[in-house]
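Treat the numbers as computed from the prediction; the structure is a model and nothing was measured.
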Amino acid sequence: MIKAVEWLIGGVALLGIWITALLNLRSFQLSSFETTLILYLPLWGVLSFGLISIGIIAYRTATLRDCPEAAKELTLQIKEAKADLKRKGLKF
Amino acid sequence: MVAYSILLPTYNERENLPLVVWLLMKYLGDSEYATTGISFEIIIIDDNSPDKTQEVVKELQKLYGEEKIVLLPREKKLGLGTAYIHGLKHARGDYVIIMDADLSHHPKFILDFIRKQREADYDIVSGSRYVESGGVFGWDLKRKVISRGANYVAQVLLRPGASDLTGSFRLYKRDVLEKLVKSCISKGYVFQMEMLVRANRAGYSVGEVAITFVDRVYGQSKLGGNEIVSYATGLLKLFIST
């Protein structure tokens, strides 16, 4: 299935659950804290998704390895290659 | 018989190309596989480089032979996708390896690609900078954040089943590459991403190996505002179409 459609179905389903909860809010007999929680549920959802995402991106940026050893190896091999190619008579 | 065809699309790579070819010969020409009958060819698709890359290809052909080094000139600078299609017409190998000719991809990893492919008969083996022992060199913090952020958004929206989507160091089964490349229409960074996303949707198996990416030793590396915008629109197109 096309990914946008998957997201749409997921979004509509979650929205449906939330709206149902809102409509039946009185029958739950909740404290005022719990009522606020449910009232702004999508907002909390978006906020925590954003925060978790920032955390993941920060972690992945921090753990993206620098590889100076690869650059060093390459620099040495470039020298070696140039010398060898020159010896073999390559014009470049 | 040729088992592996290495496709090198070039545009102004006169400096780098001989070095890439030399490294390819060093690692593949004299590898553990050389004795077990694995052979390869290097196919250079040059888009009429003003720096006369083709002259240096002809020199390389004199040195290594026209069997080993195949030159496919094109009239002008055309897209990467059509470069692969052009290269595929002449590729004799059952497997095709694509890589950049600017030394950011080290040929030594091709041995890992081959090993990995044989492990589970993978349709595609993708080189990844983002798995353990992979890495990058020459990237500042900003570049790293953009790269990881762009990758994260794509992972969340597309769930493509591979860690490095925009890399261009990969091994494909020949017929798999042929089918994929014809269905991919994106340009630039998104092209490589589209290839893997469509591979995922078509049910092809993708293996990954760690690679290090050393940003261009010679020449300019490109990542500007334009690239970011075209990445975002390309990503959205894939989001609503795959």
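Checking side-chain atoms of B:Thr53 against main-chain N and O of B:Glu13 turns up a donor-acceptor pair under 3.5 Å. Of the possible donor and acceptor atoms, one in the side chain of B:Arg170 sits under 3.5 Å from a partner among the backbone N and O of B:Gly167.
Of the two parts of A:Thr63, neither the backbone nor the side chain holds a non-hydrogen atom closer than 4.5 Å to a non-hydrogen atom of chain B. When heavy atoms are compared at a cutoff of 4.5 Å, B:Lys52 does not approach chain A at all. Of the two parts of A:Ile2, the backbone and the side chain both hold a non-hydrogen atom closer than 4.5 Å to a non-hydrogen atom of chain B. Heavy-atom distances place the side chain of A:Glu6, and not its backbone, under 4.5 Å from chain B.
Note: B:Phe109 and B:Tyr27 fail the aromatic proximity criterion, with ring centroids not under 6.0 Å apart.
A salt bridge links B:Arg14 to B:Glu55: one of the charged nitrogens lies within less than 4.0 Å of a carboxylate oxygen. Ion pair A:Asp84/A:Lys88 flagged as a salt bridge, since at least one NZ, NE, NH1 or NH2 atom sits closer than 4.0 Å to an Asp/Glu carboxylate oxygen.
Interface remark: of the candidates A:Ile54, A:Thr75, A:Ile57, A:Ile56, A:Ile57 forms the most heavy-atom pairs closer than 4.5 Å to chain B. Taking B:Val136, B:Ile240, B:Val21 one by one and counting their heavy-atom pairs under 4.5 Å with chain A, the maximum is reached by B:Val136.
For the atom pair B:Leu111 CG and B:Leu28 CG, the distance stands at 5.5 Å (nearest 0.5 Å). Between the NZ atom of B:Lys108 and the CG atom of B:Leu23 there is a distance of 10.0 Å, given to the nearest 0.5 Å.
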Practice task
Could you give me the CA-CA distance, side-chain angles and deciding distance for B:Ser147 and B:Tyr130, then say whether side chain to side chain donor-acceptor pair (under 3.5 Å) is met?
Solution key: CA-CA 10 Å; B:Ser147 167; B:Tyr130 304 139; 2.4 Å; yes

Exercise for the section: Could you walk me through whether A:Asn24 and A:Ser27 pass side chain to side chain donor-acceptor pair (under 3.5 Å), step by step? Expected result: CA-CA 6 Å; A:Asn24 298 292; A:Ser27 62; 4.7 Å; no

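Scanning for side chain to side chain donor-acceptor pair (under 3.5 Å) contacts around B:Ser104 gives B:Asp102, with sequence neighbours left out. The ring pair (Phe, Tyr, Trp, His ring centres under 6.0 Å) test applied to B:Tyr204 returns no partner, not counting sequence neighbours.
Residues of residues 153-166 of chain B placed with any heavy atom under 4.5 Å of a heavy atom in chain A are listed by number as B:Val156, B:Leu157, B:Leu158, B:Arg159. The contact list for residues 57-71 of chain B toward chain A, using heavy atoms and a distance under 4.5 Å, reads B:Glu59, B:Leu60, B:Leu63, B:Tyr64 by residue number.
Counting heavy-atom neighbours within 6.0 Å of A:Phe28 CZ, excluding the residue itself, gives a total above 12.
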